[in-house]
Amino acid sequence: MSRPQPLSGFPELLPRQRIVEQQVVEHLGRVFELHGFANIQTRAIEPLDQLLSKGETSKEVYVLRRLQADADGGDAGLGLHFDLTVPFARYVLENSGKLNFPFRRYQIQPCWRGERPQEGRYREFWQADIDVIDQGELPAHYEVEVALVIADALRGLPIPPVRMHVNNRKLSQGFYQGVGIEDTEAALRIIDKLDKIGPDAVAKLLVDEVKASPEQAEACLNLASISASDTSFVGDIRALGVTNDLLEEGLTELAAVVEAANEAAPGFVVADMKIARGLDYYTGTVYETVMEGYESLGSICSGGRYDKLASDGKNTYPGVGLSIGISRILVPLLQAGKLDATREVPTCVLVAVANEDERSNANALAQRLRRRGVPTQVSPSAAKFGKQIKFADKRGIPFVLFANEEGTQIKDIRSGDQETIDVDQWDPPVQDLYARIVTG
RNA sequence: GUGGGCGUAGUUCAGCUGGUAGAACGCUUGGUUGUGGUCCAGGAGGUCGCGGGUUCAAGUCCCGUCGUUCACCCCA
């Protein structure tokens, strides 16, 4: 067993798959920047106490320790970040004096969680995260805006259709208060399991764990069953006859998000009262996004509003943001062959070498193409031309350039067409200049 | 962490109730005297995950171990 085995949960891509990932990341960054989000990077590690205070997920934090650290000496208490929101909140507090608010940023980096891997769940994975964070108060319209940025970003990708399910925690918790349930946080976590375990099991959990009466449990399930792609859910919820101030606040906020989103990106957002989110720092709007045909992956893009995540005691910095699970989307699609690249190298032209004495001429030709922006490489050996063409073919390089006393000829190896060209004039068709993503 | 499936060639897999290892694809050489892909003929490549046990004999049965995968948990 001398050949290394892959490490479960740490996916590594082959060159042609990486080309797909690279272009997806570039696309996302471009869209985020079109919407005025600035890019930042944060370090891979955070102090453990920072990570551990933010909910259940933190139990899966990878801890960092120097090999040389003495056995008895306490380690520094560092861990790899498990998302990009918590590091961002820390970054905002640390740099609050140097940032201008409202601050909008995007971040595309790997995250680590020590969970058992599964399809769409990895121990090292990439997230693309956008957030808007303000000082003191965060206007509600940002809850619409971040959703629309994501709509723009995801709809521009060659992936199956996606739909964003939105809820508001005030709405749910206000409703639970209104029916007389005390531990509304716990009720939320239980309702979040509805899709997985079904209504009967949820009702039982509500009765057992938050001491709900069967009637209260049924009211919660009635609420959770409501969903709509327009603001009609408001009427449906009012019809349940529960009154509560927090509920009203949530209704107003959610209605605003759904209405504005429908106007700007019809069909993208649906109000769904069973969305709750496991992370406990969310305080208002919460989002989950599913990809058509890949519902079993769970949410491929989630987030929400957090009013108290970033606070230094004096100032609080409420924010709202969403994270796209790049690995969760891409790795399954790549493995299923639904996404691929047109070639596995950036090279557009391979310059053939007739014999080794001609190599410097071939290098010079290649350099002339490169100067004009055409990715070019020179054949590794002066093998038979058939072999050199095969070299290009196996990598998906579309063109081979031949040179002799009479001039230079370019061959499109897909069609077999070959023509005499001037290397200082010739351009490949735009679609062949760079590798492209193709869907299968 | 708990429970189930699976580890055989580069890859995907076959190998019956135990009898000293097979296919397809890929790779490679030639047919093709410097232009690939098709076709034809040849070739290389495996300590059957690892360790132990049962047996005259183990890829096959048993135990352990490691890896992997699925479900639970949780989430991107």
Side-chain angles (χ1 to χ4, degrees), chain A residues 1-11 14 28 54-61 81-86 107-130 150 154 162 189 192-193 195-197 201 275-280 282 286-291 294 296-304 321-332 335 337 350 352-356 358 379 381-404 409-418:
Chain A
M1 231 211 278
S2 56
R3 210 161 50 141
Q5 299 284 305
L7 207 48
S8 176
F10 293 84
L14 290 169
L28 295 175
K54 309 302 177 188
E56 286 296 302
T57 317
S58 43
K59 289 186 181 144
E60 304 295 357
V61 167
H81 61 227
F82 56 82
D83 73 0
L84 299 177
T85 309
V86 170
Q107 219 172 316
I108 302 176
Q109 287 181 232
C111 301
W112 296 269
R113 288 181 200 175
E115 297 166 329
R116 272 283 216 286
Q118 250 173 70
E119 178 169 55
R121 289 181 48 180
Y122 311 99
R123 293 181 151 176
E124 177 178 74
F125 56 96
W126 283 73
Q127 280 195 343
D129 191 295
I130 58 166
I150 294 295
L154 290 180
V162 293
R189 274 197 300 276
D192 194 45
K193 298 177 202 288
D195 273 343
K196 271 261 163 72
I197 63 177
I275 301 300
R277 308 258 64 231
L279 292 176
D280 44 17
Y282 293 120
V286 286
Y287 315 85
E288 277 192 10
T289 313
V290 289
M291 188 159 66
Y294 292 83
S296 63
L297 290 180
S299 175
I300 53 118
C301 173
S302 307
L322 280 152
S323 297
I324 299 175
I326 295 180
S327 304
R328 175 166 285 187
I329 295 173
L330 252 31
V331 174
Q335 274 168 0
L350 178 78
V353 177
N355 59 68
E356 283 302 330
E358 295 294 320
S379 179
S381 73
K384 287 202 229 177
F385 284 149
K387 287 204 169 179
Q388 298 192 42
I389 292 169
K390 206 167 176 180
F391 176 93
D393 191 34
K394 275 162 60 175
R395 290 161 180 76
I397 300 171
F399 296 100
V400 177
L401 185 75
F402 299 96
N404 58 30
Q409 292 195 309
I410 196 91
K411 179 188 185 77
D412 182 332
I413 65 174
R414 296 159 299 187
S415 63
D417 296 344
Q418 188 166 330

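Proteins get letters first, then strands, A, B, ... in listed order; numbering begins at 1 in each.
- The two residues A:P332 and A:Y122 make their nearest non-hydrogen contact at CD-OH, 3.6 Å.
- For the C1' atoms, the distance linking B:U65 with B:A41 amounts to 47 Å, nearest Å.
- Within the structure, a side-chain polar atom (N or O) of A:K384 is placed less than 4.0 Å from OP1 or OP2 of B:U33.
- Side chain A:D393 to base B:G37: no donor-acceptor pair is found below 3.5 Å.
- Contact between the side-chain N/O atoms of A:K394 and the OP1/OP2 oxygens of B:G37 is not found at any separation under 4.0 Å.
- Whole-Å rounding puts the A:N355 CG to B:U33 P distance at 17 Å.
- For the C1' atom pair drawn from B:U60 and B:U20, the interatomic distance equals 13 Å after rounding to whole Å.
- One P atom belongs to B:G45, the other to B:U38, and the distance between them is 25 Å to the nearest Å.
- When both pairing distances are held under 3.5 Å, B:G64 makes a Watson-Crick or G-U pair with B:C50.
- A stacking contact links A:F125 to B:A76: the aromatic ring centre lies within less than 5.5 Å of the base's six-membered ring centre, and the planes differ by less than 30°.
- The pairing partner recorded for B:A44 is none, the criterion being a Watson-Crick or G-U wobble arrangement whose two distances lie under 3.5 angstrom.
- Distance A:K193 NZ to B:A71 P: 17 Å, rounded to the nearest Å.
- Side-chain N/O atoms of A:K387 include one lying less than 4.0 angstrom from OP1 or OP2 on B:U29.
- Of the side-chain N and O atoms in A:S8, none sit less than 4.0 angstrom from OP1 or OP2 of B:G67.
- With hydrogens and angles ignored, a donor-acceptor pair under 3.5 angstrom links the side chain of A:Q418 to the base of B:U35.
- One finds no side-chain N or O of A:Q388 lying less than 4.0 angstrom from the OP1 or OP2 phosphate oxygen of B:U35.
- Side-chain contact check for A:I329 versus A:V162: every heavy-atom pair is 4.5 Å or farther apart.
- Expressed to the nearest 0.5 Å, how far CZ of A:F402 lies from NZ of A:K411 amounts to 6.5 Å.
- Here the OG-CD distance, from A:S381 to A:E356, works out to 7.0 Å after rounding to the nearest 0.5 Å.
- At a cut-off of 3.5 angstrom, counting only N and O atoms as typed in the model, there is a donor on one side and an acceptor on the other between the side-chain of A:R121 and the base of B:C74.
- Contact annotation for A:A392: no contact, since no heavy-atom pair falls under 4.0 Å across all strands.
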